[in-house]
Every structure is written in structure tokens, then in C-alpha cells.
Amino acid sequence: MSGVSVKVVELLSRWLLVLLVLLAPRHGNTHPQCLDYKPPFQPREPLVFCKEYAKFGCCDLEKDDKISQNFYKIMDYFDYSGYVTCAKYIRTILCQECSPYSAHLYDAEDANTPMRELPGLCGDYCSEFWHQCRYTISLLTDNNATAGIEEDRNKFCNFLELKDREYCYPNVLSDDKLNANLGDVRADPEGCLQLCLQEVANGLRNPVAMVHADDGTHRFFVAEQLGYVWAYLANGSRIDRPFLNLTKAVLTSLWAGDERGFLCMALHPHFTVVRKAYVYYSVSVKKEERIRISEFTLSADDMNQLNHSSERTILEVVEPASNHNGGQLLFGHDGYLYIFIGDGGRAGDPFGKFGNSQNKSTLLGKVLRLDVDNNDDMDPYSIPSDNPFLGEKGSLPEIYAYGVRNMWRCSIDRGDPITGQGRGRLFCGDVGQNKFEEVDLIVKGGNYGWRAKEGFSCYDNRLCRNSSLDDILPIFAYPHKLGKSVTGGYIYRGCQMPNLNGLYIFGDFMSGRLMSLKENQSTRKWEYKEICMGKGQTCRFPKLINSYYKYIISFAEDEAGELYFLATGAPSASARAGVIYKIVDPSRRAPPGKCSFKPTLVKIKGKLIHFHPTEVFVIDKKPMTTAVPTTTARTTATTTLRTPPTTMRSTTTRPTYRPPTTTLKATAKPATTRATVKPSTMRATIKPLTTRATVKPSTMRATIKPLTTWATVKPAATPSNPTSIQQRPTGTATPALTTSWRQVMTARPGHATTLSRQRTSLSYTRPTVTPKPRPLLTTGARRPSPSTARPLTRPQPHDTVRPPPLGVTTNRPQTTPRPMYCTASTKPTTQRPNFTLSKAQDKLLKGQSDKIDHSTRNRVNKKDRGSKPGKQRRRKHRAGSVRLISAEQLSDRGRVEIYIRGEWGTVCDDLFSSKAATVVCQQLGFPVALRVAKRAELGGGSGSILLDDVECEGTERTLLDCKRAKVGKHNCVHDEDVGVVCGYHHDEDK
């Protein structure tokens, strides 16, 4: 019995744990993201309409203006009380496209799933919206299904409500945890910065370096340890012929961890003019291992290949051991070539009394600086006149700094893009011996302490106590529990990720840890933060991944300053396990258009190998093949230690198995202003009648067209909506006040305000600024109460239409029930007048406003959109609209013509079947297609032929949705124009 009880307790405990997980806050599962599947940004110019997102969101000024125009189009359908009540809801819903959480509000975080048509609202807010402005939904979406849910609150809110109460609107604005540090780099509870990656290149054999030419082409060149250098174009394609091939000269082996080989390349800072490249590699000369620095000239025939016969040796240094080869070349902002050479190998720098690094009579363990300009007809290099040890007895003049052990990867700071602060600083990672790895800031003449010191601690106690050491301490050092082989990185100075500006990002080859340093401007000390791969939804952007291979070999930056690192899953020169990753901040991006560039044309000789990514977004973040190296409990030296991230790929060979993962499509859907009101969405056809008709309310609601022109006044801002509807200065354009079918006021400039059933006909100029209605009523005037506002009531069946009061005309158009298939006319462009009412008019208006039936408030005005009774306007057609043209002008048969790209054109009869005819007939309101007329039986056209090879299933909305040739592509003539005969029954064609 006790055993059963234990099992029951265990079962209950498991269910309780599951329940706690389900109910736990999900702040890590959702992240700021826009409808274009990219991070939010700060607009370059302040927003005018959706001002609440002016500092951080998903809209620039152009998109903000489109939303503003859309708002005014929608509000033109409202009467005065409807404007006052519903404007704030309409504006709020439209502006959610600018929210930094818009992707979540629209269910658009995954590019493979359909987006919502409207942003997800919270339940309480949806109920309030339904109670106040339920009939506005048809103006916000093209979905015809909304007509059947307006009367049912449950159906209405099932359509609009977002079940996630933390991220629905407006709760998403009030959640302190979500909005704290919004737009900053996301960090987990332990302070680890969550970044993402984008795969740039793969299939490389120990990629040791990546450089760019700085020539406007945005090419980058990747060196492999074997001795190959490959040229990549800006689009990621690789040229099949190597930029350089030194495989026959390079000394290396296939065993993992060999430090010899092709180690680095640097292009001359004026590469477009000087056209020279410098390489650093290991060679064997008469069984003696050496480091060789060589110069190559660009081929005269191919801008993507060096002239292999042009090699000129700049410098050779004998290596006493096969390790500690250094391996960095770079040009400083002073134009000189910097060379970083290791201490000669073995352990503890055992050479001589003080070791090679402290001995200025040898080049081992040093930073060198050479002048390689103007050397064509003289020595390979000269000594810069300001080298610190030039003329010092017993010191080599090439030395710029000394006391280094084995510096692996150094970089020059480009400087802050605005202030230039930090420009020219030289950062290096120096690999340690037994205890510490360090990052140094290299200065002229500096002594960096090795072998006296390792990091901040003494290594050789006797040398360490020497008062003449005068060494420069590292800006950061970390113990071997964090990593055992530092890989120096870069200060980020790119454009695309403003959050990372000034952040020094580096890593560790052995542990695979990514790390960062940021200088505190007040204390001048460097603060450490670890970098983790984004968890949950953080990296669920198209093309982004959240895992990488463990062995971080090098870092790089492209011509635009964006940051990359090179890693491999198998540190062998023969394994094609190398990948290049671009570092991406998913929290914030630069404003659209700010970082765009157009690469200079590159002439290609040979073939292009297009890039195909192989890495995927990892959901199950377990080690891929072999376990990630574990560490013991953290100790604190200069920082707090973390467990190595489990999202790196730790492998000894190229992995052949990966856990099931989800891959996002690389193509992102463009964001669109989805609430745009299109005339075709108002599926109603109005025919003025001379006799009155009574219709059912549901039919009436669906078939009345909105007004074309209205007299306009502005409602006042209200305490309930102080931000969205603000006071507009006198003399600015104002939103429309629409007369309804019932008795309402008609205000005209210069005329007394009267009661009327007929429409006013005033023009207005549409404003493009924030909706700030000017109050119509003076102080103390009665204002419609939102809590009591109801939609306009429609005449019930068989009701008698009440006659108008004396003096009021009644020449209004009547309505007819909407047909099954119909097309609405366009909403004409009108102008909004600027006028104010006199005191007498205002007094009359106040008196009449108290008599208005409040049940008519806040209903979308869906009346006839003709500018004047009896005056027809040109109809604007929607892409895919069709018509039948016949000599007899019959409506049910004729040549098929379709409207595409602003013109009407014919359709070829090739492959056109009865199913395609059904699509055409149903568009025109006929339930069936009786037959297809081919070979121009019903007449041939004379204009453009727009469609050919049309194959339909019969269920498509238009012919454009069918399988077909491209628009305008055809192999037919007008003698093959297709026609159709439509009808209501299959047996009616005679």
C-alpha cells in the first residue's frame, strides 16, 4: 500500500511540475520582432502619427505616413459620434504594426505560418471594442467572414483575441519585464548576452583568416590552413579558382592541433592602387622550420587571383619548435605592416637567460612594425623612423612591442562611427601557459611581461620581482576553467547592430566560449560579459541560427564593419568542417536603408559556386555528437565563470548526425499595411431606386455604400483618449462628420445648421498628420457618451419609413439586397473643408445634438459613395477583375478580359477549361459556367494578351490564383482569345 502511495505522490508531483511550467511566465519565449521578420529599430526621423513608437518600434516615417493615410480613409466612413468613439480604437489597431512586438501580435514570428489579419487583442479590450465599435471591423480587414461575427461578441473576440495575456494588446505595453531595457541586448538571468548567428560560408578546412579588400566590392577572402585562399562575393558565392594556392610550399600536417601552416593574409590598405597582398606561413628550408612573410602582386588579368610567380620574401624567422608560431599580419591606420611572432615554442619560453620574449635582440616573442611601401626597386622593407627601439644598442629596429608569448588574432579599432573615439587602438589575444589567457592593448614600446608574468600573476618569480620590468598589464585575463586558448576578436563598429557598438567580442579555441568586453567610460576599466546563443524564440528569425562549432579559430570583419568568427568541428587541416558565422543582435537593428550599399562590379573569370547554408536553428539544445567540455564550480578571478554554452557544436570529426530541428525559410515576407481599405473589400452594389424598399437589417448593413463627400467638423479630445486624439490647431484639416440615414445635423459653411435626410456635398483636402480632431462643440456642449453609443439602427422588415419633418427633403437613394457576386466602386478622392460654426449655428447644433437618437452613434457609414445623386464615377478595378465583351453587349457571355497592372487584356484559350470558366463566371455573379468558347468564337480582342496556359481547379478566387504562364508571356494571337457563357442552371444554354 505504501508503494502505491509513493507512486501516486510521484505522479502528482510530475503533474504539478508540468502545471508550473505551463503557468510560468514566458518572457523568454517571445522577443521583439517586426512583420518583416527582423528586429525593431529606432526611426531615423520622429514619427508623426504613431508617436508612441517613435523611439523604438517597427515603423519609419514613410510607413507611419501610410498608416496615417489609411486611418483617414477609414475614418471617412464615420459620423461625428462614431469618430469620437471609435477613432482611438482604429488608430490603436493600425499602429500595432509599429509595435516592437508586432510579429507576436500578428502571429508572424514564424515565416512558415500565416499571419493574423489584425493584431491580437486582450479579452477585456476586445469586449470593450466590440461594445463600442463592433461594425468597424469590416473596414480593417478584407476577410468576408467578419460580417457574420459582428453581432456575436464571443465569435467577434475569438477572431480578434490573442490568448497569450502577456503579449496581447494592451497588456504588452504595461508588462514591466517585457518593456524593461527594451531594445538593449537581451541577457539571461545570469547576465549572459544572447546573440544569434548567420551562416556565411561552410565546407572549409580549418579557416584561419578572413580579410576584405576595402575596394567597394565587399568581397572577402578566406584562407585555409593548407594554403588555399578563396575569394567570396558579397552575395556569398565563391569563385571556383583560388585567390592564392600555396599548398605545395606550406608546412603543416593533418593531425589535429598542428599550429603550423598558412596562418594569415593582409591586403595593402590601398589595394585598388598598390594591388599587393602579404601572407604569413610556415615553411621548411633544409629541414629547418621557419616563418615566412611574403609579398604577392595581383594578377594583371584577373582581379580575383594573385600572380603566383610574383612572390617576394619580406622576412623569414627561424622557429626553434613547431608551436607558438604567432601568425598575425595587419596594416595599422599609420600604413605600416604589423607582424606578431610567437616566442619560439616549447613551454615557458626556455630560451636564454630571460627567454626570447624579453630579449630584444631576437624577433621571437615580438610585435614588429615595417614599412613596405615604395619597395619595388629596393629592400623588401624599411624601418619606420619612429619605431621605439631604433638606434638602441642590442635591440632590433623592427621591434614595436615585446614580452608577448603567442599572440593569436589581433585587430585595429575603426573608432566610433560618430565621434571617432578609439580609432587606431590595437587589440590582441595572447595565449597563456598554465593558468591564464589575456587580452592586451598594444602600444608602442610596450613590454607585456612574458615570461615574468602570465596574465596578472607571476610566472617566473625572479623576473617578476625585477623592478625594471615595467610591464603593461592586460585589460582582461581569465583562468583556464573558462578556456585554455584565447582567440582575439574585434571592437564592433558596424552599422547594422547599433547595440554592439564599442563591444570587444572574442572567444576561446578550446572551450568554444564567446565573450565580450566593454570599456566603462568613467572608470576606464573593461567590464566582462559572456555571450550565449539566444534561447527560446530569440533567434527565430529567417536565416538565423543559435548554435556553432566549438573550435573558434579566428574573428573577422567585412568591409562594412560587420563582425564574423571562423570555427570548425574538427581542428584538422584536412577536415571540411569549417564554417563562417556572422554575429547578429536580435534585439535591435539599424533603421531601414541606413546600412544599404551597392557593391562595385566584380569581373569574374571562372565559375561561381553558390552558397547553400547547412546549419539549422536548434530547438533541442543538446551537444551534437560529443559532450561539451565540462568545468568545475566557478571561481572568480576577473569575472564569474559560467558553464560552457550547450549550443556550441563540440565535435572531433565532422558530425554526421544532428537532432531533429526546425529550419526557417530564408525568404522573409515583406511587411505590409494590412488595414488598407480597398473598394473591393466593401462588397456591395448600390442601385438608386425611385420607390422605397424595406430590407432586413443584416442585408441593409451589407449593401449600403459609404458616402462620397461630407461636411466635416472635429470632435474634441477626451480624457479617455488624451494621446491618440489631440487638439488640432485652428485652420488645419479635419476628419469627416458623416450624415446618417436618420435625422442628423447638416452643417454647411455660411448656412444655418438644419436637420436633413440628404447628403451634404463638401470637398476637403486630406491631411497627412496625426489625427487631432478640432472640437465642434463649445465648452459645456454635450458630448456623445461612448458607454451608450450604439451602431446605426436599420429599418426592420415591413416597417414604415417615417416621413421627414417639414422643410427636409427626402431624395435619398434606396438599397437593394447584395447579390452573391459583386464588385464595389472605388471610394473617390475628396477634400476636407476648414470651417467653424457661428455662435448661432453652434447653439442650434448643441440643441439638436441632445435630440439625436444615441442608438445611431459610432456606426460605420456604409452608404452610397457617389459624390452626388445621379452622378456616376469611374470604377476602380482590382487586379484579377474580369469582364465579358460581346457585340450584343450581353452580360452573360462574351470574350474574357482580365484587369492586370492597370490595363484590360484578353486570355488565350490554351489549356482553358470549364473549371477556369467557372472561376470567371462566379466572379461575375453567375453560379455556373455553361460552356467555353475557343478560337475567338465570341470575338477577338485588339489590345494586350495578358494570360496564357491557364489551368484552374474551379475553386480559385480569380484567374491570377490559377496555374498559368507569367503575366504578358504568351505564344498565341487574338484569334485564340477565349470566351465563356455563364448562367444559373446547367441546362439553360440553347
Side-chain angles (χ1 to χ4, degrees), residues 257 259 317 319-328 340-368 389 395-396 399-410 426-443 445-488 506-511 513 515 517 525-526 528 631-632 634-639 641:
E259 298 180 20
V317 180
E319 275 284 349
S322 61
N323 60 341
H324 297 187
N325 299 289
Q328 180 70 51
F340 300 79
I341 302 178
D343 64 4
R346 299 182 188 170
D349 193 8
F351 306 99
K353 184 177 180 180
F354 305 110
N356 286 329
S357 294
Q358 293 296 321
N359 180 6
K360 288 182 283 186
S361 65
T362 177
L363 298 180
L364 294 170
K366 308 298 188 299
V367 179
L368 313 181
F389 304 107
S395 299
L396 296 177
I399 298 174
Y400 181 79
Y402 66 105
V404 303
R405 183 178 181 272
N406 188 32
M407 287 192 163
W408 183 249
R409 293 302 167 251
C410 305
L426 177 54
F427 292 85
C428 282
D430 198 1
V431 180
Q433 180 66 50
N434 297 326
K435 295 182 179 179
F436 295 99
E437 307 295 308
E438 66 183 69
V439 177
D440 295 304
L441 192 56
I442 305 300
V443 297
N447 178 8
Y448 290 87
W450 176 251
R451 75 180 181 191
K453 288 183 179 180
E454 180 186 10
F456 294 101
S457 67
C458 290
Y459 179 80
D460 185 320
N461 290 326
R462 182 175 60 87
L463 291 177
C464 190
R465 289 191 295 267
N466 190 333
S467 59
S468 64
L469 182 63
D470 192 25
D471 63 316
I472 298 174
L473 295 177
I475 63 172
F476 178 73
Y478 61 91
H480 278 189
K481 289 184 178 179
L482 200 64
K484 297 183 179 180
S485 180
V486 66
T487 301
F506 63 107
D508 189 276
F509 175 80
M510 293 300 295
S511 68
R513 196 180 298 269
M515 298 169 277
L517 298 173
K525 293 183 179 180
W526 292 82
Y528 169 86
T631 59
T632 57
R634 302 177 187 178
T635 60
T636 55
T638 56
T639 183
L641 303 185

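Computed from a predicted model, the values in this text were never measured in an experiment.
Put simply, NZ on K366 and CG on L396 are 8.0 Å apart, with the number rounded to the nearest 0.5 Å. The CG atom of L364 sits 8.0 Å away from atom OG of S357, with the distance rounded to the nearest 0.5 Å.
When K435, Q433, E437 are each tested for a side chain to side chain donor-acceptor pair (under 3.5 Å) with H480, only one passes: E437.
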- From CA spacing to verdict: side-chain contact (heavy atoms from CB on, under 4.5 Å), L473, E438: CA-CA 9 Å; L473 295 177; E438 66 183 69; over 6 Å; no
- Task: Output, in order, the C-alpha distance, side-chain angles, deciding distance and verdict of salt bridge (charged side-chain N to carboxylate O under 4.0 Å, His left out) for R513 and D508.
- Result: CA-CA 5 Å; R513 196 180 298 269; D508 189 276; over 6 Å; no
- Take M407 and D440 through the side-chain contact (heavy atoms from CB on, under 4.5 Å) test and state the conclusion after the steps. CA-CA 9 Å; M407 287 192 163; D440 295 304; 3.7 Å; yes
- Task: Evaluate the criterion side-chain contact (heavy atoms from CB on, under 4.5 Å) for residue pair W408 and V486; output intermediate values, then yes/no.
- Result: CA-CA 7 Å; W408 183 249; V486 66; over 6 Å; no
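Between V404 and I341, the closest heavy-atom pair is CG2-O, 4.1 Å. Looking at every heavy atom in both residues, E259 comes nearest to N325 through O-ND2, 3.4 Å. Contact between L463 and L469 at its shortest, heavy atoms only, is O-CD2, 4.1 Å. Closest heavy-atom contact between S485 and M510: CB-CG, 3.8 Å. Nearest heavy-atom pair, S511 versus G483, reported as atom, atom and distance to 0.1 Å: OG-CA, 3.7 Å. Listed here is the closest heavy atom pair of G345 and P350: O-CD, 4.1 Å.
For the residue pair D430 / W450, no side-chain donor-acceptor distance below 3.5 Å is found, with atom types taken as modelled.
Taking the six-membered ring where tryptophan is involved, the planes of F506 and F476 are perpendicular, since the angle between them exceeds 60° and thus also 30°.
Aromatic ring centres of F389 and Y402 lie closer together than 6.0 Å.
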